[in-house]
Amino acid sequence: MAKETTSRRDVVKSIVVGAAALGPIGLLGGCSDDLGVSNTALNVVPRLASASFVNQASTATIGELDYWAAAIGQIFRITGPEGPMTATLTAVTPLIIMGERPDELRAQPMTATFALARGTQPVGDQIYGLVQGRERDSELFLQRGGTVDAPTLTALFN
């Protein structure tokens with residue numbers, strides 16, 4: 001039985017043919033952005049930013065509380081007087097409703113808590129820009145909380 005050998009040229013041809021068959025999706029499938037979000041060729045191509053996360057949440061068909069709760073564990077970019085920071089949404093807590101609420105308020109008030117990296121010292125009690133992924137910036141009033149070792153910023157949605 002004759003032993004077959006594969007030349008370097010044959011290997012290179014196979015790689016080129018395979019890459020061509022996969023197209024840009026296969027070639028760009030491993031890209032990631034500065035927030036650690038994995039990208040595909042479909043979202044690597046520059047495009048207009050979609051509506052802000054906060055605006056999408058307020059018009060979501062599943063309810064604003066559920067929309068925010070589904071984002072727990074996701075990373076957000078927060079920009080304030082300290083400069084840009086990254087934070088992880090760690091909790092979404094519904095607030096107790098006592099009595100009737102005016103129609104212009106949310107049906108369910110809630111808080112959203114963002115954990116920051118240890119050593120980050122947010123000023124708090126300021127309006128911050130909040131971005132999740134490639135969406136437009138939302139402005140939220142965030143209160144400082146937590147400790148020096150575990151700083152947080154909290155948004156109150158009334």
Side-chain angles (χ1 to χ4, degrees), residues 15 18-98 101-158:
I15 292 171
L22 289 175
I25 293 173
L27 295 174
L28 296 175
C31 296
S32 66
D33 63 16
D34 62 336
L35 294 177
V37 178
S38 179
N39 292 311
T40 67
L42 299 177
N43 62 5
V44 169
V45 177
R47 62 174 186 217
L48 294 175
S50 61
S52 72
F53 186 86
V54 173
N55 287 343
Q56 289 180 31
S58 64
T59 59
T61 57
I62 62 171
E64 190 175 23
L65 180 72
D66 293 332
Y67 192 88
W68 277 92
I72 290 175
Q74 293 184 17
I75 297 172
F76 288 76
R77 187 173 63 243
I78 298 176
T79 306
E82 315 80 358
M85 306 172 278
T86 56
T88 304
L89 179 63
T90 56
V92 175
T93 308
L95 300 176
I96 297 171
I97 299 173
M98 300 175 96
R101 292 180 58 78
D103 292 337
E104 60 273 4
L105 294 179
R106 290 174 166 80
Q108 176 60 64
M110 63 181 181
T111 61
T113 304
F114 299 90
L116 301 160
R118 181 179 182 189
T120 304
Q121 297 181 4
V123 175
D125 297 332
Q126 302 273 334
I127 294 177
Y128 286 83
L130 179 91
V131 176
Q132 195 269 340
R134 298 184 185 276
E135 297 167 348
R136 289 191 184 137
D137 199 40
S138 300
E139 289 189 343
L140 285 178
F141 183 83
L142 298 174
Q143 298 173 321
R144 183 180 177 172
T147 65
V148 173
D149 290 332
T152 62
L153 288 171
T154 301
L156 171 64
F157 297 92
N158 194 9

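Here the structure is a predicted model, which is why all the values come from computation and not from measurement. In what follows, residues are counted from 1 in the order of the sequence shown.
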- Message: So, using side-chain hydrogen bond (donor to acceptor under 3.5 Å, both in side chains) as the criterion, who are the partners of Glu82 when residues are at least two apart?
- Response: Tyr128
- Is the closest side-chain heavy-atom distance between Met85 and Leu153 below 4.5 Å? yes
- Query: Could you give the distance from CG (Leu116) to CD1 (Ile78), rounded to the nearest 0.5 Å?
  - Reply: 5.5 Å
- Ignoring hydrogens and geometry, is there a side-chain-to-backbone donor-acceptor pair from Thr152 to Gly146 under 3.5 Å? yes
- Could you pull out all residues at least two apart from Asp149 that satisfy side-chain hydrogen bond (donor to acceptor under 3.5 Å, both in side chains)? Arg118
- Message: Working note: Gln74 + Leu89, criterion side chain to side chain contact (heavy atoms under 4.5 Å, CB included); need CA distance, chi angles, decisive distance, verdict.
- Response: CA-CA 6 Å; Gln74 293 184 17; Leu89 179 63; 5.6 Å; no
- Is a donor on one side and an acceptor on the other found under 3.5 Å between the side chain of Gln108 and the backbone of Leu95? yes
- Note on the structure: Minimal heavy-atom distance between Gln132 and Ile75, with the atoms involved, is CG-O, 3.9 Å
- Point-to-point distance, once rounded to the nearest 0.5 Å, from CG of Leu140 to OG1 of Thr154: 11.5 Å
- Contact check, side chains of Ile97 and Arg106, non-hydrogen atoms, under 4.5 Å: no
- Could you tell me whether the side chain of Asp137 and the main chain of Leu130 form a donor-acceptor pair under 3.5 Å? yes
- Closest non-hydrogen atom pair between Ala115 and Thr90, with its separation: CB-CG2, 3.4 Å
- Task: Please say which of Val92, Thr93, Thr111 ends up in a side chain to side chain contact (heavy atoms under 4.5 Å, CB included) with Trp68.
- Result: Val92
- Task: Check the surroundings of atom CD in Gln121: do more than 12 heavy atoms from other residues, nucleotides or ligands lie under 6.0 Å from it?
- Result: no
- Message: Please check this pair: side chain of Arg144 against backbone of Pro122, looking for a donor-acceptor N/O pair closer than 3.5 Å.
- Response: yes
- Determine the interplanar angle of the Phe114 and Phe76 rings, folded into 0 to 90°, and report it as parallel if under 30°, tilted if 30 to 60°, perpendicular if over 60°. perpendicular
- Item | Check: Phe141 and Leu156 side chains under 4.5 Å, non-hydrogen atoms | no
